[in-house]
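Notes follow the structure.
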Amino acid sequence: MKLLYFAWVKQKTGTAEEDVTLPPEVTDVTGLIDWLRRRDEGYEAAFEDLKVIRCAVDQEHADLNASIAGAQEVAFFPPVTGG
Amino acid sequence: MKLLYFAWVKQKTGTAEEDVTLPPEVTDVTGLIDWLRRRDEGYEAAFEDLKVIRCAVDQEHADLNASIAGAQEVAFFPPVTGG
Amino acid sequence: MIRVQTEDFDIGAEVAALSKDRHDIGAVVTFSGTVRDKTGDLLALELEHYPGMTEKELVRIEREAQERWPLEASLIVHRVGRLAPGENIVLVVTASAHRQAAFEAAEFLMDYLKTRAPFWKREETASGGDWVDARDSDDTAAARWTKK
Amino acid sequence: MIRVQTEDFDIGAEVAALSKDRHDIGAVVTFSGTVRDKTGDLLALELEHYPGMTEKELVRIEREAQERWPLEASLIVHRVGRLAPGENIVLVVTASAHRQAAFEAAEFLMDYLKTRAPFWKREETASGGDWVDARDSDDTAAARWTKK
C-alpha cells in the first residue's frame with residue numbers, strides 16, 4: 001500500500017511517500033495510524049493530535065474509522081488551507 | 001422649473017426636457033402631475049397609471065407626495081431597469 | 001470609483017488597476033452583466049440614463065457599500081447607448097481582506113444599482129422596440145439589505 | 001473546467017474565453033484570491049497540493065455546483081508553488097442567466113474549495129516558515145450549504 005504525507009505531517013514523519021506492507025490485523029485508518037506511531041518518534045509526533053489529522057483513502061476524503069481494505073493509496077495531511 | 005422625462009414617459013409626453021412656470025398652488029409632485037395631465041392627451045397617457053411612475057426632485061429619488069418648493073429640476077420616469 | 005461610458009470595459013484590466021502594488025487585499029469579486037438574448041431575435045439593447053443623477057446615485061450606492069463592509073477598493077462601470085447581444089453592460093468590482101465582505105458588497109451594489117440607478121433598457125427586435133419592465137425580484141433582492 | 005497550474009492567470013481573458021460567442025449568459029461572477037501580507041514581513045507563500053486528488057476534488061466540487069445552480073459555464077483555476085505578496089492564488093468564475101445563481105455558485109465553490117480541496121499554504125518570513133492554520137470560519141461558511 002502506498003502512503004502519502006503532506007504539509008507538516010510530511011515534515012514530522014520526514015517522508016513524502018512510501019510503500020508499506022501491513023500486517024493483516026491493520027484494516028482501518030485508525031489501525032494504520034496506531035501501527036505508524038509505533039515506528040519512530042517522527043511518526044509519533046505527526047499523529048500526536050488526531051483532531052488535526054485528515055485522511056484520504058484512494059484520493060477521497062475519509063473518516064479516521066474508514067476501512068482501508070483493498071485500498072491502493074492512503075494519504076495523511078492537516079486540514080486544508082487552499083483557496 | 002426644469003422638467004425631464006425618460007424612457008416611455010418621454011415617448012408618451014413627446015418631450016425630453018422643458019422649462020415650465022408653475023402656478024403658485026402647485027407645490028408638490030402630485031400637484032405637478034395633475035397640472036401636467038391637464039395639458040394634453042400625451043401627458044394624460046404618460047401619467048395614467050401612477051404605480052409605474054417614479055420621480056426625482058433635484059436628482060434625488062422622491063415620493064409622489066414630496067414637496068417641489070424651491071426645486072430646480074423634477075424628473076419623471078418608469079421604475080429603473082439598469083444593471 | 002464610478003464610471004458611465006459608451007465604451008466596453010476589460011474586467012482583467014480593471015481588477016489589475018484596482019489592486020496594483022497592493023498587498024492588503026486578499027479577495028476580489030467581480031460581477032459583469034451582459035446583454036442576454038432570451039428569445040433569439042434581439043437586435044440590440046438600448047440603454048438610456050439620466051445624466052447627472054446617474055453619477056450621483058452611483059456615488060451614493062458605492063459610499064453606502066463602503067460604509068457597510070470593510071472594502072479596500074470598489075468600482076462600478078455602467079455602459080449606455082446601443083449594445084449588441086453578448087456585449088458587456090455593467091461591471092462591479094469589490095476588493096477586501098475577506099471574501100465574505102467582497103461577495104456581500106458586490107451583491108449589494110448590484111441589487112441597489114438595479115433598483116435605484118436611473119438607467120432604462122429598451123429591447124430592439126425585428127418587430128419593434130420594447131421598454132424592459134422592472135422586475136419584482138429585483139425589489140425583493142434589494143429589500144433584504146434593509147431588513148437587518 | 002478546472003486547472004491546477006504554477007503560472008498566473010488573467011481574469012479578463014478567462015471570462016472572455018468562457019463567454020465567447022454566447023448570448024445566453026447574462027451574469028458572470030468572478031472571485032480571485034491573492035496573497036495577502038497581513039504582518040508586513042511576508043516573503044512568499046508556498047502552496048503545496050496532492051496531485052491527482054486535487055484535480056478529482058475540484059472536478060467533484062464543480063460538478064456539485066452545476067447540479068445545484070443553473071450554470072451556463074464555470075471555471076476553477078488554482079495555482080501551486082511559490083507566490084509573492086499580491087500575486088493571484090485562485091480564480092473561480094461562474095456564468096448564469098441570473099445573477100443570484102452566479103453569486104451563490106461562486107460562494108459555494110470558494111467555501112468548498114477552502115474546506116475540501118487538498119492544498120496547504122506555508123508562509124515564509126525572515127524568521128522562518130509557518131504552515132497556515134485552517135480557520136473555523138471556513139468550516140462554518142461551508143456548512144451553510146448543507147443546512148438547507
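A, B, ... follow the sequence lines: proteins, then strands. Residue 1 opens every chain.
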| request: Quick one: pull up CZ in B:F47 and CZ in B:R39 and give me the separation to the nearest 0.5 Å. | output: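 Nearest 0.5 Å value for the CZ-CZ distance: 9.5 Å.
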
| request: With rounding to the nearest 0.5 Å, note down the distance linking CD in C:E123 to OG1 in B:T81. | output: 9.0 Å

With a 4.5 Å heavy-atom cut-off (strictly below), which parts of [range] touch chain B? List them by number.
{"range": "residues 132-141 of chain C", "answer": "C:V132, C:D133, C:A134"}
{"range": "residues 77-100 of chain C", "answer": "C:H78, C:I89, C:V90"}
{"range": "residues 41-59 of chain C", "answer": "C:E48, C:H49, C:Y50, C:P51, C:G52, C:M53, C:K56, C:E57"}

| said: Are C:L75 and C:I2 packed together at the side-chain level, in the sense that at least one heavy-atom pair is separated by less than 4.5 angstrom? | reply: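 No, side chains not in contact.
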
| field | Winner by heavy-atom pair count (cut-off under 4.5 Å) against chain C, out of B:P78, B:A75, B:A56 | value |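 Heavy-atom pair counts peak at B:P78.
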
Answer yes or no: is there a donor N or O on one side and an acceptor on the other, between the side chain of [X] and the main chain of [Y], under 3.5 Å?
{"X": "C:E62", "Y": "C:A65", "value": "no"}
{"X": "B:K12", "Y": "B:G42", "value": "no"}
{"X": "B:D63", "Y": "B:A66", "value": "no"}
{"X": "C:R22", "Y": "C:E72", "value": "yes"}

If you compare all heavy atoms of [X] against all heavy atoms of [Y], which two are closest, and at what distance to 0.1 Å?
{"X": "B:G31", "Y": "B:V26", "value": "C-CG1, 3.8 Å"}
{"X": "C:S32", "Y": "C:I11", "value": "OG-CD1, 3.5 Å"}
{"X": "B:A71", "Y": "B:M1", "value": "O-CE, 3.6 Å"}

| query | B:E60 versus chain C, heavy atoms under 4.5 Å apart: side chain, backbone, both or neither? | reply |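 It is both, since atoms from each part get that close.
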
| query | Is the shortest distance from a Lys or Arg side-chain nitrogen in C:E67 or C:R63 to a carboxylate oxygen in the other one below 4.0 Å? | reply |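 A salt bridge is absent here (no side-chain N lies under 4.0 Å from a carboxylate O).
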
| Qualifying residues under salt bridge (charged side-chain N to carboxylate O under 4.0 Å, His left out), relative to C:R3, sequence neighbours excluded |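 C:R3: salt bridge (charged side-chain N to carboxylate O under 4.0 Å, His left out) contacts with C:E14.
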
| field | Flag for C:W131-B:Q11: side-chain donor and acceptor within less than 3.5 Å | value | yes

| request: Report yes if the distance between the aromatic ring centroids of C:F108 and C:W69 is under 6.0 Å, otherwise no. | output: yes

